[in-house]
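Working notes, structure below.
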Amino acid sequence: MRDVRIRDTLSGEVKLLEPGPDGEVGIYACGPTVYGPIHIGNARPFVVFSLLRRFLAHEGYSPTLVINLTDINDKIYVAAAAAGVPSAEHAERMIAAYRADTDALGLGRPDHEPKATETIAPIVALIADLVASGHAYESSGDVYFRVRSFPAYGQLSNRDPEAMDQGEEAGSADLKEDPLDFALWKARKEGEDTAWPSPWGEGRPGWHIECSAMAEELLGLDFAVHGGGSDLVFPHHENELAQTEAARERPLAKIWMHNGMVQAQRDRGDAEKMAKSVGNVFLLGEAVRAHGPEAVVGFIVSGHYRQPLAFGAGALEEAEARNQRIREFFREGSDPPGDPTPAVLARREAFLDALADDFNTPRALAELFGLLADARREPLAGARAVAAELLGLLGLESLAEGRGDEGSEEAEALLAERERARGERDFARADEIRDRLGELGWDVRDTAEGARLVRRS
RNA sequence: GGCGCCUUGGCGGAGUGGCUACGCAGCGGCCUGCAAAGCCGUUUACACCGGUUCGACUCCGGUAGGCGCCUCCA
């Protein structure tokens with residue numbers, strides 16, 4: 001179990017990840033609001049935190065990954081109305097789509113995927129505690145968090161409350177004591193088809209409180225890592241932190257870990273965040289269908305999680321090309337018998353150290369390619385076994401499995417015919433057959449051991 | 001306007017006070033009947049201007065450009 005360090009947004013420092021008594025590491029990452037299908041940008045935290053969990057398990061920790069689903073939200077009401085279905089039904093449809101899209105990545109499911117709609121009781125209880133302790137107040141059926149009652153407000157996003165723009169949510173200005181205050185509970189409004197009872201009347205939870213409640217329900221307080229996209233630092237995580245600490249007088253999480261945005265890139269130096277509101281999205285489901293899950297995962301691990309990642313024309317093709325090089329390694333040759341050589345073990349260590357050092361997947365990937373290059377120059381015991389192990393930590397284990405190169409009867413017959421032609425030095429005929437195989441989806445490789453069919457990627 | 005981040009070779013993308021990142025693409029060579037795969041080599045990379053230093057792409061200051069958040073947002 002090596003020490004793992006992660007950059008903490010709150011302190012601005014790279015901090016040692018501190019596991020609980022039995023190596024427990026609670027990780028809570030904010031998932032999507034389920035009003036539409038998710039895009040590549042939304043997939044990034046899913047991939048990053050899923051892989052972080054894998055790595056921690058590999059190192060002997062006992063990680064628990066929670067990725068929530070926000071299924072109560074204004075946008076869901078709007079989208080449901082547009083689709084002409086009840087909002088609960090629309091949310092369920094989008095949850096199904098999200099599960100299908102992320103399942104296709106082949107990274108497994110998080111340990112828990114709580115929904116706001118299934119956490120109402122803890123949410124109401126948490127709000128009640130905040131009201132009782134004076135950190136929140138009721139106003140015409142709404143409940144607001146009293147930001148001024150929490151002096152540390154602004155610490156996560158490094159903002160001075162006094163200097164905030166204090167943008168107003170339409171209609172709530174009159175109900176708040178202070179423009180900074182934000183809603184914990186919203187009274188039911190005209191046209192909203194979901195509502196729950198509460199001490200303040202029928203209504204629904206605000207956005208931020210659900211995460212405070214779900215995280216505490218599943219991971220307790222002061223758990224190891226709370227994460228999500230960097231666009232959530234403010235106000236979402238700032239507010240979560242304030243609510244929980246105000247109510248419990250204990251930290252919510254030890255480390256706040258934020259991934260950078262995927263940027264839609266038109267030209268070099270001309271990029272912007274991929275977002276539905278900008279209309280520059282590339283849907284995850286589309287990407288997986290067109291390029292395969294390995295291309296998407298490979299694209300995401302090609303950059304450090306904290307940096308913006310440029311999604312330009314050809315990004316997925318490049319990831320595929322990179323993956324292809326890895327597949328080739330497993331397709332050709334085999335490891336000599338014996339324990340892994342020192343060179344192989346050194347690459348393995350460097351790979352794992354890179355992940356332990358603020359989860360540096362591109363550095364790890366570079367070590368993996370180094371291992372492959374070493375082993376191609378001269379066969380090294382353990383190279384393939386270790387490479388396969390490391391690929392698993394990047395979510396790319398399928399690259400080690402090869403993909404069926406057994407040709408059909410027709411293809412094998414053509415290959416044999418080509419071999420006869422070559423034997424007779426009838427190369428025109430041989431090349432003709434090779435072209436025919438190409439049309440059938442096969443590449444031909446003439447190796448020292450004879451001609452072989454290889455499935456075209 | 002406020003806060004934070006960034007600017008690396010054709011492209012993506014790590015990293016370091018002095019030593020090859022890595023990958024993709026291109027080019028040359030080896031191998032091959034020709035290819036493919038692989039190997040070898042390759043295009044004097046670190047926005048600009050100052051400063052610190054024996055030495056800076058790496059530290060400090062400034063300039064220019066870009067990104068994120070400040071409103072729903074992964």
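Naming convention: chains lettered A, B, ... in sequence-line order (proteins, then strands); numbering from 1 in each chain.
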Heavy atoms under 4.0 Å, any strand shown: does [X] hit a base, just sugar-phosphate, or nothing?
X: A:P362; value: base
X: A:V262; value: base
X: A:G31; value: sugar-phosphate
X: A:N158; value: sugar-phosphate
X: A:E328; value: sugar-phosphate
X: A:G228; value: sugar-phosphate
X: A:T447; value: nothing
X: A:R422; value: base
X: A:R306; value: nothing
X: A:R159; value: base
X: A:R418; value: base
X: A:L368; value: nothing
X: A:Q263; value: sugar-phosphate
X: A:Q307; value: sugar-phosphate

Carboxylate-amine/guanidinium contact [X] [Y], below 4.0 Å:
X: A:R420; Y: A:D426; answer: no
X: A:D8; Y: A:K254; answer: no
X: A:D142; Y: A:K176; answer: no
X: A:K186; Y: A:E192; answer: no
X: A:E401; Y: A:R331; answer: no
X: A:R422; Y: A:E419; answer: yes

[X] [atom1] to [N] [atom2], straight-line distance once rounded to whole Å:
X: A:E13; N: B:G4; atom1: CD; atom2: P; result: 15 Å
X: A:R455; N: B:A37; atom1: CZ; atom2: C1'; result: 18 Å
X: A:R327; N: B:A37; atom1: CZ; atom2: C1'; result: 15 Å
X: A:Q324; N: B:A37; atom1: CD; atom2: P; result: 9 Å
X: A:D74; N: B:U71; atom1: CG; atom2: C1'; result: 12 Å
X: A:F299; N: B:G12; atom1: CZ; atom2: C1'; result: 9 Å
X: A:H304; N: B:C67; atom1: NE2; atom2: P; result: 22 Å
X: A:R322; N: B:G12; atom1: CZ; atom2: P; result: 13 Å

Return yes if the base of [N] and the side-chain atoms of [X] contain a donor-acceptor N/O pair under 3.5 Å, otherwise no.
X: A:R445; N: B:A35; answer: no
X: A:D160; N: B:G2; answer: no
X: A:R363; N: B:C22; answer: no

In whole Å, what separates the [atom1] atom of [N] from that of [M]?
N: B:A37; M: B:C30; atom1: C1'; value: 14 Å
N: B:C57; M: B:U16; atom1: P; value: 16 Å
N: B:C27; M: B:G66; atom1: C1'; value: 32 Å
N: B:A56; M: B:C49; atom1: P; value: 14 Å
N: B:G12; M: B:U7; atom1: C1'; value: 15 Å
N: B:C6; M: B:G41; atom1: P; value: 34 Å
N: B:G2; M: B:G26; atom1: P; value: 47 Å
N: B:G33; M: B:C11; atom1: C1'; value: 36 Å

Subject >> Evaluation steps, side chain to side chain contact (heavy atoms under 4.5 Å, CB included), between A:L415 and A:V444 >> reply: CA-CA 8 Å; A:L415 186 71; A:V444 176; 4.0 Å; yes
Subject >> Whether A:T9 side chain and A:W256 backbone form a donor-acceptor pair below 3.5 Å >> reply: yes
Original post:
Are any side-chain N or O atoms of A:H39 and backbone N or O atoms of A:G41, one a donor and one an acceptor, separated by less than 3.5 Å?
Top reply: yes
So, OP1 or OP2 of [N]: does either fall under 4.0 Å of a side-chain N or O from [X]?
X: A:R376; N: B:C39; answer: yes
X: A:N73; N: B:C72; answer: no
X: A:S230; N: B:G4; answer: no
X: A:R325; N: B:C24; answer: yes

Across all strands shown, which nucleotide pairs with [N] by Watson-Crick or G-U wobble geometry, both distances under 3.5 Å?
N: B:G26; result: B:U42
N: B:A64; result: B:U7
N: B:A37; result: none
N: B:C69; result: B:G2

**OP:** Indicate whether any N or O donor in one side chain lies under 3.5 Å from an N or O acceptor in the other, for A:E294 and A:S398.
**Re:** yes
Subject >> Residues A:S212 and A:E240: side-chain donor-acceptor under 3.5 angstrom >> reply: no
Original post:
Between A:I27, A:V48, A:D358, which is the residue that forms a side chain to side chain contact (heavy atoms under 4.5 Å, CB included) with A:M257?
Top reply: A:V48
Original post:
Of the residues in residues 231-244 of chain A, which ones touch RNA chain B at a heavy-atom distance under 4.0 Å?
Top reply: A:D231, A:L232, A:F234
**OP:** Assign each of A:M261 and A:A321 to its nearest nucleotide of RNA chain B by heavy atoms, then name whichever residue's nucleotide is nearer the 5' end.
**Re:** A:A321
Subject >> Among B:C72, B:A74, B:G12, the nucleotide that comes nearest once only the side chain of A:K75 is considered >> reply: B:C72
Subject >> Closest listed nucleotide, where the reference is the side chain of A:R434 and the choices are B:C24, B:G68, B:C34 >> reply: B:C34
